[in-house]
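One-based numbering, in listed order, for ligands and for the atoms of each.
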Amino acid sequence: MSAAPSPSHDHPDPTPDALIAARPQLTRHPMDGLLFEGVPLAAIAHAVGTPTWVYGAATIRARFRALANALADARLPAHIHFAVKANDHLAVLHVLGHEGAGADVVSAGELLRARAACIPAARIVFSGVGKTQADLRLALDHGIAQINVESAEELAMLSDLAAGMGRVAPVALRVNPDVDAGTHAKISTGRARDKFGIPYAQAAALYAHAGTLPGIAPRGLAMHIGSQIGTLAPFRAAYGRIAGLVRDLRAAGQPVAVVDCGGGLAIPYRDEPVAGPVGLAGAIAAEFGGLDVELLIEPGRWLIGPAGVLLTSVILVKRDGGSRFVVLDAAMNDLVRPAMYDAWHGIVPVGATDLVRALAPADVVGPVCESSDTFARGRALPPLAPGALVAILDAGAYGAVMSSTYNARPLAAEVLVDGAIDDDATLHDGGRARRAAIRWTTIRPRQDVTTLWRDEAVPDWLK
Ligand SMILES: *Cc1c(COP(=O)(O)O)cnc(C)c1O
């Protein structure tokens, strides 16, 4: 797989206008340029500088409610557990927790973050292929809802630990359904060769064994086959296999109360057709609707991806023969998805005049000393002068959480907007009350560069 995103699509990229039109959280204002939930991104850049992550609370809420409504309409007793690894900022977790979301965590740190954001332990499930003794002890101490166990070895370890603590661990077995999610290899987790979950053929025996172990209370089954899954077929196939296992277990006298359906629902980064929440709810209902099980889902990307942008400035434009390189002040250390997964992200100018200029192809890159520090190739963009602002879209998931300080680049600032996402005229004309209710706050200042080496020590014998 090549490291840089290549224009392998068979039709032209959507224009900035088309990208904006497809996203209710984005609007164009003739004077203020690109608005995010009604707030001019230029105002945020002016106040906070760039690069800056901007998240939208109204967008997060609207997406959570759309998903919850889809599940309710399908008459599914399903709880939404946000996959914290997609975006673990406390403010984001607060918004989701307030909506009633639980959390799916994959480390002690995420568990503590979720608790710090006031998500009750009773709404937390713990996933992951390598939980340490300390992770498991913490989970038991907090009394979280469920530990998703991924191997016979982990089950034995948890049994010893829980029994020693005089606790009973509520356990779901994460089963690998051996289904290819048809997504990028680096984000597929449900094939037999992937490291995740208990092999399907061994799951029933291990479940029965779990019921005999001290300190273990088996509640049900869990699965998660990968991320950015755009069609329903892999979900249907995997759910069907898990539903079959529920029936087999019950037929053998094992109680199964819960099925955790995992996450993985895709978002359209470009203009790809994706299965939305209604389709997902339908797939869940088709396989589990008649089974009388409590259901969990663990979406990360779908809830938070479109609710964030990476706001960045043009440092300079380099012309090389026939190419135009737009060099941004954001880089792969901030948003690694294009370098790591060949991911396509929309890139939209922010300035009011830039939004109406003629488009021509450009390569959009960051300043890091790696060729893979490339956000887009041959992307249709207007002429952009040094200092021009652009927004990299759909950067709310697997964005800031995957940042590094490579090249001694401090972590970018983060801002939370709480605005309006209905792009009707009231927002722009006569909507003063509406506009006055719009707020935004810096939720993490730009990291001070000296903090990068604050905890480093130079041995005395070198001085
Ligand atoms: C990453 C992960 C998720 C979330 O995946 P998305 O594609 O962001 O929805 C859910 N469950 C588990 C176990 C995960 O590892």
Margin query: Which of the numbered atoms in ligand 1 are under 4.0 angstrom from any heavy atom belonging to E298?
Written below: 3 (C), 4 (C), 9 (O), 10 (C), 11 (N), 12 (C), 13 (C)

Notebook entry, point to check: Looking at residues at least two apart in the chain, or sitting in another chain, which of them share a side chain to side chain donor-acceptor pair (under 3.5 Å) with R174?
Noted result: E150

Check: On the ring face of W344, is R379 found with NZ or CZ under 6.0 Å from the centre and within 45° of the axis?
Finding: yes

Next item on the list: Pick, from R301, H224, H81, the option with the minimum heavy-atom distance to atom 5 (O) of ligand 1.
Entry: H224

Notebook entry, point to check: Hey, what's the ring geometry for H81 with H79, parallel, tilted or perpendicular (30° and 60° as the breaks)?
Noted result: perpendicular

Note to self: Can you list everything that forms a side chain to side chain donor-acceptor pair (under 3.5 Å) with D73? Sequence neighbours excluded, please.
What the structure shows: none

Notebook entry, point to check: Is the closest N or O pair between G264 and ligand 1 shorter than 3.5 Å?
Noted result: yes

Margin query: Geometry only, no angles: is R174 polar-contacting ligand 1 at N/O separations under 3.5 Å?
Written below: no

Check: N/O to N/O below 3.5 Å, does that happen between Y398 and ligand 1?
Finding: yes

Check: Hey, are E110 and K85 close enough for a salt bridge, meaning a charged N less than 4.0 Å from a carboxylate O?
Finding: no

Checklist line | Row check, Y398 ring normal vs R337 NZ/CZ: under 6.0 Å, within 45° | finding: no

Check: Mind checking whether S127 has an N or O less than 3.5 Å away from an N or O of ligand 1?
Finding: no

Next item on the list: Provide, to 0.1 Å, the distance between atom 1 (C) of ligand 1 and the closest protein heavy atom, together with that atom's residue and name.
Entry: K85 NZ, 1.2 Å

Check: Considering the options D334, D373, D329, which one meets the salt bridge (Lys or Arg N to Asp or Glu O under 4.0 Å) requirement together with R409?
Finding: D334

Margin query: Less than 4.0 angstrom from a charged side-chain N to a carboxylate O is my criterion; do D394 and R23 meet it?
Written below: yes

Margin query: Among all protein heavy atoms in this structure, tell me which lies nearest to atom 7 (O) of ligand 1, with the distance rounded to 0.1 Å.
Written below: S227 OG, 2.3 Å

Check: Hey, does P299 sit under 4.0 Å from ligand 1 if you only count heavy atoms?
Finding: yes

Check: Any idea which atoms of ligand 1 are less than 4.0 Å away from a heavy-atom of D104?
Finding: 10 (C), 11 (N), 12 (C), 13 (C)

Margin query: For ligand 1 and G300, I'd like to know whether there is a polar contact (N/O to N/O, distance under 3.5 Å).
Written below: yes

Notebook entry, point to check: Which ligand 1 atoms are under 4.0 Å away from a heavy-atom of A83?
Noted result: 3 (C), 4 (C), 10 (C)

